[in-house]
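Computation of the quantities below employed the complete heavy-atom set of this structure, encompassing side-chain atoms and omitting hydrogens, waters and symmetry-equivalent molecules. Fair warning: this is a prediction, and the values are worked out from it, not measured in the lab. Atoms within a ligand are numbered from 1 in the order they appear, just like the ligands themselves.
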Amino acid sequence: MTETPPITALPDDTAYAEAVQLAVDSAAAYYADGTSTLDDDAYDRLVRGIQAYEEEHPESVLPSSPTGKVAGGAVVGDVPHTVPMLSLDNVFGAEQLADWAAGLERRLGRPVTVWSVEPKLDGLAISARYRHGRLAQLVTRGDGSAGEDVSHAIGTVVGLPDRLADAVTVELRGEVMMTTSQFEEACAKRTAHDGTTFANPRSAAAGTLRAQDRPYVCELTFFGYGALPAPGDESELAVGLREWPHSQIMEWVAAQGVQTTAATPVAGIVAETIDQVQGRVGEIAAARAQLPFGIDGIVIKCDLAADQAQAGFSSRAPRWAVAYKLPATEKITKLLAVEWNTGRTGVIAPRAVLEPVELDGSIVTYATLHNVADITRRGLMLGDSVTVYKAGDVIPRVEAPVVHLRTGEEQPIPIPEVCPMCGDEIDRSQERWRCVRGRDCQAIASVIYAVERDTLDIEGLAANRIKQMFETGLIADFADLFFLTREQLLALERMGETSTDNLLAAIEQAKTRPLSRVFAALGVRGTGRSMSRRIARHFATMDNIRAADAEAIQRVDGMGPEKAPVVVVELAGLAPLIDKLVRAGVNMTEPGATPPSDEPKAPSADLPLASMSVVVTGTMTGPLAALTRNEVNELIERAGGKSSSSVSAKTSLLVAGEKAGSKRAKAETLGVRIVSPEEFADQVSAFI
Ligand code: IVH
C-alpha cells in the first residue's frame, strides 16, 4: 500500500564511502539521543543505495558499512544480551509483503501455519529482566549483542511493573516510548527547566531513558512484544515460552500485569492467510492517526514456535518476521518563510511555508506554528531544517529545528508589529496574540470568506476591494454588499464603469444561491461548508433553522451535543445580519429539501448514491475538472450520497483522481471500491 522509497543512487567509490560515513554517523546519533540529521525515510533510502552499490561492487565493501548490522552498527553498551536483539527486514507495500511470505513458504516447503499481526511500536527496544518476579535490570538494544544498563529508569515506565503476578525469572522484550500526553508533559517540564523542547516522542523517549541526573522526571510507557526464558531454565514456564505460539506468550505476558497492545485499537491478532494479514494491516494503518502513541508499521510474525524454528535467522533479522513500513509521518525539510494571518476570532497565527515534502502519502507545503511564544521557545529561524509531522487528517505541524544542520545562513523570523489583516494594533497580553479589534477585525476576513467561490461566489470581488469598501465606510458586513449603489461603487478609486456593472451583476446573481451557501457565508462557529449543507438540507428554510432550539439542531446528521447550543447562540447573535440579508432579497431556501416533520424522512432510494458514503481524493479530471472539492461534495450530496473526507471501513466508494495518495492506498487495503473521476461523472451525470 505504500511505495518503496526510491534509493539514493551512488555513482562511484567516493560517493559510496561518503554515504557509508553519513549512515554510520546518523545511526550513531539516532541510537544515542535521537538527533539524527536524516529522517527515517532518508536513512532507509541511503542504506538501500549502499546495499545496491555493494551488490554491484562487492570488492569495494567497507568494513564500517551499516548493511547487515543491527542498529546500523551504532555500538553502545556493555551488558551482553542472552539472545541477540535483532532488527527486522522491511517491506513497503502489499505486493512486497506477498513476495516476502511466498519466499518464506518456499523456504519452509509448506504454508505458514498461522500468522500473528501486531503494530510496530515507534520507540526503543528494551530488555526487562525479571528475577523471581521482581524487575531487576533494564538493558537497551545497543548493537544487538550488548546494550546499555538503564536500570535507573525502573519505576518511571508505565506498563512495566516492579513485580510480576508470578514470582518467575524471565526476560521481557518490548518497546519503550512516550505516549502523546507523556510527550506533551515532558516538553512542558523541559521548557520550564531550560526553555527548550524535545523534537518528537521518539527522541524524547531515547533521551529520557538515558538521562540520569535530570532535575525533572519524565514518564515513559512500555509495550511488551516478546518473552524469553533464562538460558538453561527448564521450568514449566521456560519450556512453555520455548514451545507456545507467540500469541499465547503475549497472553501470558499481559496476565503478568505487563502492558501489551492487547487493550489498544491495534491489538495483535492471528490470521490464517496473507489476505487476512493484509486486511489487518489496513485496519492498523487506518487507526494509526487516532492512536495516543506512535507506530511506524506493522510486524508480521509466524505465530508457531515450530514455524519460527524452521525459518531461522539471518545475521541481522529473523526470517520468520517482517516489518511492513507505513509512510513516514515525520520528515526533515526546510522552513522557507512564515506567513501571518488573523483568524475569525482575531487570533494572529503564524503559518510555516516549507520546501514541499511527502508525508503520510501527501505533499506538505504549509504547517502550523502555533504562536509567537512557541516560535521563540523553539528558537526557529528562517532557512532552518525542521522536523515536520503529519498523520492522517491532522494538520501538519512544525515540531523543532534540527540545530546541528544549521549553516549560519539562517535568519530571524520577522514578527509582525501590527495586525497582518487590518493593520491595527496587536494585543500581546496573552500567549495567543490577537488583533485589538478582536472579532471586528474578522469583519473583513468574514466578508472575504462570504464571497468566495465556494460560498456566495461573487466573481470579481477581490480582497483589496473589500478592504477598500471597509475603509471608505461603504460596508460593515457582507449583507451591505447587496445595498451598494452604482454611484457608490463608481466613487471608489480604481473602479471603472465596466467593472462596476460587472460587480453589480455578480452581486445580484449571488442573491439566488442556495440556502446552504448563504448559511455557510454566515460563518457560524462550528459549521463549515459541509455542515452548512447538512443544516440547510435538514431544515429547508432559514426560518426553520432560526426557529430550531438546540435539541432540534442536534438532529442534524453529525451535529454533536456540544456544537448544537453554540449554533443557537451564534444564530441569535447573527440575527441583525440575517434580517438584513432577508431585506436584501437573498434566497433563504434550499432547493429540493423538505422541511423536517415528525415523520422519518423517506430515504431517497431512487438517487444514484443513496445511502453511500463517498470520499474524493486526488486531482479531478474530465467533467469534474472544473469543480472545487466543495462543489464535488455538493454534487455527491445532490445525488443522495454522503461526502466524507477520510476513508474508513464505512466508505462505500472512493473517487480517486490523479496523484491520489494515502487515501487510495487505504481504500485498497480495506477493499473499498475505487472509481476514476470520469466513471464517477458518468454515474452522477444527471446532477452535474
Ligand atoms: S519483534 C526478533 N515486534 O522494531 C524480532 N519488534 O526493526 C524483533 N518493534 O528491534 C522484535 N514493535 O524495537 C517486534 N511488535 C513488535 C515491535 C518490534 C516495534 C521494534 C523493535 C525491533 C525493531 C526492529
* To do: Applying side-chain contact (heavy atoms from CB on, under 4.5 Å), run through V322 and L88 and close with a yes or a no.
  => CA-CA 6 Å; V322 80; L88 289 169; over 6 Å; no
* Asked: Quick one: are the ring centres of Y324 and F92 less than 6.0 Å apart?
  -> no
* Asked: Among side-chain atoms of E171 and T82, is any donor-acceptor pair under 3.5 angstrom?
  -> yes
* Going by atom types alone, do R214 and T208 pair a side-chain donor with an acceptor below 3.5 Å? -> yes
* Say whether E54 and S60, considering side chains only, have a donor N or O and an acceptor N or O under 3.5 Å apart. => no
* Structure fact -> Only one of R107, R110, K301 passes salt bridge (charged side-chain N to carboxylate O under 4.0 Å, His left out) with D307, and that residue is R110
* Structure fact -> Output for ligand 1, non-hydrogen cut-off under 4.0 Å, lists L86, S87, L88, E118, P119, K120, L121, A125, R141, E175, Y225, V299, K301, P318
